[in-house]
Trainee: 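Submitted below is the structure of interest, expressed as structure tokens.
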Amino acid sequence: MNVQNNVKTMRQDIAKRAADELGEGEVINLGVGIPTLIPEYLGDKHVFLHSENGLLGTGPAPEAGQINPDLINASKQPVTELPGSAIFDSALSFAMIRGGHVDTAVIGALQVDQTGELANWAVPGKDILGVGGAMDLVAGVQKVILTMTHTSKSGEAKIVESLTYPSSGYRKADVLITEKAVFTFKNNQMYLVEVADGVTVEDIEETTAASFVVAL
Amino acid sequence: MNVQNNVKTMRQDIAKRAADELGEGEVINLGVGIPTLIPEYLGDKHVFLHSENGLLGTGPAPEAGQINPDLINASKQPVTELPGSAIFDSALSFAMIRGGHVDTAVIGALQVDQTGELANWAVPGKDILGVGGAMDLVAGVQKVILTMTHTSKSGEAKIVESLTYPSSGYRKADVLITEKAVFTFKNNQMYLVEVADGVTVEDIEETTAASFVVAL
Amino acid sequence: MTSKKEISLTDISKYIKDGDQVLVGGFGLSGCPLTIVDEIAKTDVKDLTIVSNNLGEPQKGLGKLLVNGQIKKAIGSYFTTHRGAVNAWNEGWLEIELLPQGTMAEGIRAAGAGIPAFYTPTGAGTKLSENKEVREFDGKEYVLEKSIPGDVALIRAHKADEYGNLVYRKTQENFNTAMAMAGKIVIAEVDEIVPTGELKPEEIKTQHLFVDYLVKTRYEVEGGTFVERTK
Amino acid sequence: MTSKKEISLTDISKYIKDGDQVLVGGFGLSGCPLTIVDEIAKTDVKDLTIVSNNLGEPQKGLGKLLVNGQIKKAIGSYFTTHRGAVNAWNEGWLEIELLPQGTMAEGIRAAGAGIPAFYTPTGAGTKLSENKEVREFDGKEYVLEKSIPGDVALIRAHKADEYGNLVYRKTQENFNTAMAMAGKIVIAEVDEIVPTGELKPEEIKTQHLFVDYLVKTRYEVEGGTFVERTK
């Protein structure tokens with residue numbers, strides 16, 4: 001298996017596990033990257049996908065030739081609308097997010113600390129020129145699920161004692177899913193609740209620069 | 001002519017004069033009482049009537065038998081909708097008012113002082129149990145036109161040096177129309193700009209407990 | 001058509017507790033959930049704080065809860081013409097908090113939009129802002145107003161689809177969408193439930209994520225007014 | 001169909017002055033008034049502060065004004081993927097003010113709704129609130145955000161009626177209604193103007209009192225993208 005396939009499998013595994021966290025009938029906002037793979041793994045579970053540019057009930061990408069450039073998701077990709085979907089403006093869309101009406105956001109993170117505080121919008125030393133809806137989602141939704149590879153490409157820990165990347169806000173994540181493990185956060189404490197097949201707690205400890213309680 | 005007819009004529013005269021103040025194509029909010037008579041005197045002038053419960057483009061009362069209790073104005077009276085009308089919720093309706101998108105409000109007043117500050121929602125010593133949209137209109141619209149009888153039923157001055165009734169807010173009226181006269185307000189100064197046929201400036205001075213500049 | 005969100009009228013009382021702050025839609029009787037209010041009037045739930053533009057009419061809508069003594073406090077913009085409310089206030093058993101109508105609408109929306117407080121020019125310099133914080137922006141005074149959330153919101157719409165998306169009949173919407181946004185538990189009274197997909201995405205005024213439960217109304221329009229079905 | 005509000009493309013520049021704060025609708029190119037932006041790119045108006053979620057694409061939409069050096073400052077939520085904007089910022093001739101997308105949407109709506117400032121949980125505890133006032137409500141920190149008005153708002157809709165009421169095509173609305181509310185002068189680019197009465201009162205998304213002028217678009221949808229008509 002080459003490295004690329006390996007990364008692809010990792011991302012799929014994370015998306016698959018994240019799909020299990022979602023409840024029937026929930027309103028979900030999916031961030032860019034790994035979260036966009038989740039719909040493939042929902043099976044019979046029905047959830048409502050919320051796109052912050054103004055669509056609740058986002059459907060899959062259209063067939064070629066059926067693209068409407070005025071029917072897009074928050075990643076500016078063409079989408080379709082499912083029966084029962086609703087369309088609205090940006091102010092109401094973010095009122096839904098900020099007001100706690102979106103059940104769950106599944107988003108990527110660049111870093112997360114052992115309390116669940118996360119960084120997902122800016123890299124230290126790089127230009128800070130984009131935030132999009134990231135902070136609104138972190139501040140507003142009922143449940144924040146993070147999906148990310150356990151370490152960076154160069155093998156550095158992304159799960160850390162305290163953030164070195166710019167924080168996305170006070171609000172802590174609820175669940176963190178990597179290709180190696182699942183963590184939960186409660187009262188500023190991190191719990192290891194699952195390890196992937198063939199992964200040991202020692203392996204997790206080695207690749208995680210944060211304290212956590214083992215709660216398998 | 002009996003007293004009742006006299007009052008009726010007065011109110012009609014005030015409404016008629018107020019109609020002249022309105023510009024073609026303006027968005028107008030009409031308060032209860034005298035302002036509700038204005039549509040009869042618009043002639044060919046086309047204005048858009050805004051009802052704060054959520055209708056822009058309010059039409060006249062429906063024929064008997066055509067009443068829809070879910071198509072009402074802010075006085076809870078059944079109305080109709082004109083072509084090009086729009087329906088919206090209370091939050092947006094007051095955003096229109098507060099945000100300055102309604103050109104003119106024509107409202108009654110219990111008292112107005114010589115700077116144009118007005119009182120139109122509560123009487124001293126009486127229960128203060130209603131305000132409705134009065135303060136929003138006073139604070140928000142581009143132009144406030146007051147319509148009222150020049151004095152109270154018992155002959156007391158309603159145009160005063162300073163308010164003894166509870167104020168409706170810092171915002172001053174722009175125009176005041178009574179059966180005897182028309183005043184304008186600029187920079188906290190009151191100007192007498194018109195008198196009704198057969199009314200003298202002396203008569204106005206006698207029935208007005210406020211200082212004004214004669215600018216006929 | 002049925003919906004997973006549909007509940008029976010007798011279930012309504014499960015969602016309302018003594019002392020709750022309850023948002024109730026309607027401008028006059030239009031957009032007021034008359035059936036739901038009738039059901040609450042049959043229960044002994046009490047000490048309610050009702051947020052509604054007015055308190056219905058004597059023996060109609062919220063007037064029934066008032067007569068029953070179920071309301072401890074009313075927050076709204078206009079109670080002057082409701083004799084029962086005025087008397088209750090004078091007799092000292094009804095608290096009233098008066099708000100400018102636009103401040104009330106914006107405060108309810110704010111609660112639903114995650115905004116805890118906002119500044120408004122409305123009411124600055126009046127008795128209604130006497131105990132409120134005032135602040136200048138660009139030389140003009142504004143009043144700080146807090147958002148107005150509800151433990152429960154009781155709303156009225158025309159049609160729901162199976163998911164709970166709502167549309168209204170003419171000016172029936174008034175405070176209902178804002179209240180659906182601001183209520184922790186939201187029960188909507190509707191004329192009918194239509195199959196999902198029948199409402200166009202663009203015409204939906206209150207999106208289903210704001211609506212928890214649906215009940216069917218017992219009222220219909222007859223002779224220009226709302227009449228309770230007798231059958 | 002014609003409307004009293006319709007103006008010619010060459011009239012657009014009359015309403016925009018050097019140094020104006022200009023609200024420009026759109027999420028990506030959807031809902032962006034491409035024709036109006038093209039017209040501005042032909043003029044020498046400069047030092048504009050553009051409030052828009054992003055700055056279009058290189059040579060598309062606002063990207064054209066950027067290349068021309070007509071933009072002094074951009075206020076928006078996401079410029080990362082626009083190479084031209086990143087370069088301009090690095091070279092020091094473009095100021096950028098970054099806002100969380102929801103704060104931007106709410107701030108624009110607030111300007112249109114007469115609300116000078118509001119508190120939001122978004123961004124509390126981050127670099128983006130470093131120089132902003134923070135305040136606790138019920139033990140939680142919120143950031144004070146000011147409203148975002150425009151000297152001009154340039155918006156895009158699908159259809160207008162003769163009065164200037166607007167409807168949109170699918171997710172084209174995004175920031176457009178809020179911007180129509182917040183602009184002192186509002187110019188809407190539309191596909192067509194239909195007779196008054198053709199749009200149902202309930203389906204109107206942007207009411208005519210928010211719209212000053214209408215222009216007809218030169219862009220049409222072809223092959224899943226926006227293409228300028230050549231004729």
Side-chain angles (χ1 to χ4, degrees), chain A residues 51-55 58 62-81 85 87-100 117 119 121-124 126-140 163 165-171, chain D residues 25 27-31 53-54 74 76-82 85-86 89-90 96 98-110 112-113 120-129 140-141 156 158 168-179 181 205-206 221 223-226:
Chain A
S51 274
E52 59 259 44
N53 58 313
L55 178 58
T58 308
E63 312 265 310
Q66 299 296 311
I67 291 173
N68 177 351
D70 283 319
L71 182 53
I72 59 174
N73 66 14
S75 303
K76 294 169 195 156
Q77 293 159 331
V79 293
T80 51
E81 44 186 5
S85 67
I87 284 175
F88 36 84
D89 84 328
S90 297
L92 180 57
S93 186
F94 280 94
M96 290 175 180
I97 291 171
R98 207 191 304 102
E117 189 164 338
W121 66 287
V123 175
K126 287 212 182 168
D127 307 337
I128 299 192
L129 295 176
V131 60
M135 288 185 184
D136 301 282
L137 285 163
V138 169
L163 297 179
Y165 283 39
S167 170
S168 298
Y170 289 124
R171 160 65 181 277
Chain D
F27 187 88
L29 298 179
S30 177
N53 193 54
N54 11 56
S77 91
Y78 200 77
F79 304 108
T80 318
T81 52
H82 188 142
V86 173
W89 182 76
N90 274 319
I96 284 184
L98 206 59
L99 290 172
Q101 196 175 145
T103 298
M104 181 182 151
E106 187 71 12
I108 296 166
R109 177 196 176 274
T120 174
T122 303
T126 76
K127 269 188 192 299
L128 295 191
S129 66
K140 195 176 153 185
E141 264 188 34
R156 174 72 160 103
H158 178 31
Y168 297 87
R169 194 163 48 202
K170 299 303 172 188
T171 56
Q172 184 187 47
E173 184 177 6
N174 52 66
F175 293 91
N176 284 297
T177 292
M179 287 180 170
M181 294 170 68
K205 299 287 180 174
T206 307
V221 171
T225 184
F226 304 104

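Lettering follows sequence order; numbering is per chain, from 1.
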Trainee: Just verifying a value: how many Å separate D:Tyr168 OH and A:Asp89 CG, rounded to the nearest 0.5 Å?
Mentor: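 Those atoms lie 8.5 Å apart.
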
Trainee: By the salt bridge (Lys or Arg N to Asp or Glu O under 4.0 Å) test, which pairs, at least two apart or in different chains, include something from residues 64-75 of chain A?
Mentor: A:Asp70-D:Arg169

Trainee: Between A:Ala139, A:Gly169, A:Ser90, who has the most heavy-atom pairs with chain D when the cutoff is under 4.5 Å?
Mentor: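 Answer, by heavy-atom pair count under 4.5 Å with chain D: A:Ser90.
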
Trainee: Considering only heavy atoms and a distance below 4.5 Å, find which of D:Leu99, D:Leu29, D:Asn90 pairs most often with chain A.
Mentor: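 Top option by heavy-atom pairs under 4.5 Å: D:Asn90.
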
Trainee: Specify the closest pair of heavy atoms between A:Asp136 and D:Gln101, including all atoms of both residues, with the distance to one decimal.
Mentor: OD2-N, 3.3 Å

Trainee: Chain D heavy atoms under 4.5 Å from A:Pro78: which part of the residue, side chain, backbone, both or neither?
Mentor: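 Neither the backbone nor the side chain of A:Pro78 comes within 4.5 Å of chain D.
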
Trainee: Does any backbone or side-chain atom of A:Ala74 lie under 4.5 Å from a heavy atom of chain D? Answer side chain, backbone, both or neither.
Mentor: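 Both parts, backbone and side chain.
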
Trainee: In chain order, what residues pass the side chain to side chain donor-acceptor pair (under 3.5 Å) check against D:Gln172, with sequence neighbours excluded?
Mentor: none

Trainee: A side-chain contact here means heavy atoms from C-beta on lying under 4.5 Å apart; do D:Met104 and A:Phe94 qualify?
Mentor: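 The answer is no, as the side chains (C-beta and beyond) never meet within the 4.5 Å cut-off.
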
Trainee: Between D:Ala178, D:Gly123, D:Gly224, which shows the greatest number of heavy-atom pairs under 4.5 Å with chain A?
Mentor: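 Most pairs with chain A among the choices: D:Gly224.
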
Trainee: At a 4.5 Å cut-off on heavy atoms, which part of A:Ser93 comes close to chain D: side chain, backbone, both, or neither?
Mentor: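 Answer is neither: A:Ser93 stays 4.5 Å or more from chain D.
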
Trainee: Determine the option with the most heavy-atom pairs under 4.5 angstrom with chain D, choosing from A:Gly54, A:Gly65, A:Gly132.
Mentor: A:Gly132

Trainee: Select, from D:Ser77, D:Gly76, D:Gly125, D:Ala105, the one with the greatest count of heavy-atom pairs under 4.5 Å involving chain A.
Mentor: D:Ser77

Trainee: Answer yes or no: is there a side-chain heavy-atom contact under 4.5 Å between A:Lys76 and D:Phe27?
Mentor: yes

Trainee: With a 4.5 Å cut-off on heavy-atom pairs, point out which of D:Thr126, D:Leu128, D:Leu98 contacts chain A the most.
Mentor: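 The answer is D:Leu98.
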
Trainee: Report the option among A:Asn53, A:Ile67, A:Ile97 that has the most heavy-atom pairs separated by less than 4.5 Å from atoms of chain D.
Mentor: A:Asn53

Trainee: Highest number of heavy-atom pairs under 4.5 Å with chain A: which of D:Asn176, D:Asn54, D:Asn53, D:Thr177?
Mentor: D:Asn54

Trainee: For chain D, find which of A:Val138, A:Asn73, A:Leu55, A:Ile128 contributes the most heavy-atom pairs closer than 4.5 angstrom.
Mentor: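 The option with the most such pairs is A:Ile128.
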
Trainee: Once rounded to the nearest 0.5 Å, what's the spacing between atom CD of A:Glu52 and atom CG of A:Leu137?
Mentor: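 One finds 5.5 Å between CD of A:Glu52 and CG of A:Leu137.
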
Trainee: Do you know which of D:Ser129, D:Ala85, D:Gly102 has the most heavy-atom pairs under 4.5 Å to chain A?
Mentor: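 Heavy-atom pairs under 4.5 Å are most numerous for D:Gly102.
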
Trainee: Main chain of D:Thr103, side chain of D:Thr122: is a donor-acceptor contact present, judged purely on distance under 3.5 Å?
Mentor: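 No; judged by distance alone, with no hydrogens or angles, the pair does not exist.
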
Trainee: Can you tell me if A:Trp121 uses its side chain to pair, donor with acceptor, with the backbone of A:Leu129 under 3.5 Å?
Mentor: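 No, A:Trp121 side chain to A:Leu129 backbone: no donor-acceptor pair under 3.5 Å.
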
Trainee: So which part of D:Val86 gets closer than 4.5 Å to some heavy atom of chain A, the side chain, the backbone, both or neither?
Mentor: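 Contact with chain A: backbone and side chain both.
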
Trainee: Pick one of side chain, backbone, both or neither for A:Glu81, based on which atoms fall under 4.5 Å of a heavy atom in chain D.
Mentor: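 For A:Glu81, the side chain is the part near chain D, not the backbone.
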
Trainee: Under a 3.5 Å distance rule, please check whether D:Asn174 uses its side chain to pair with a backbone N or O of D:Ser30 as donor and acceptor.
Mentor: yes

Trainee: Does any backbone or side-chain atom of D:Thr81 lie under 4.5 Å from a heavy atom of chain A? Answer side chain, backbone, both or neither.
Mentor: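 Looking at D:Thr81, nothing touches chain A.
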
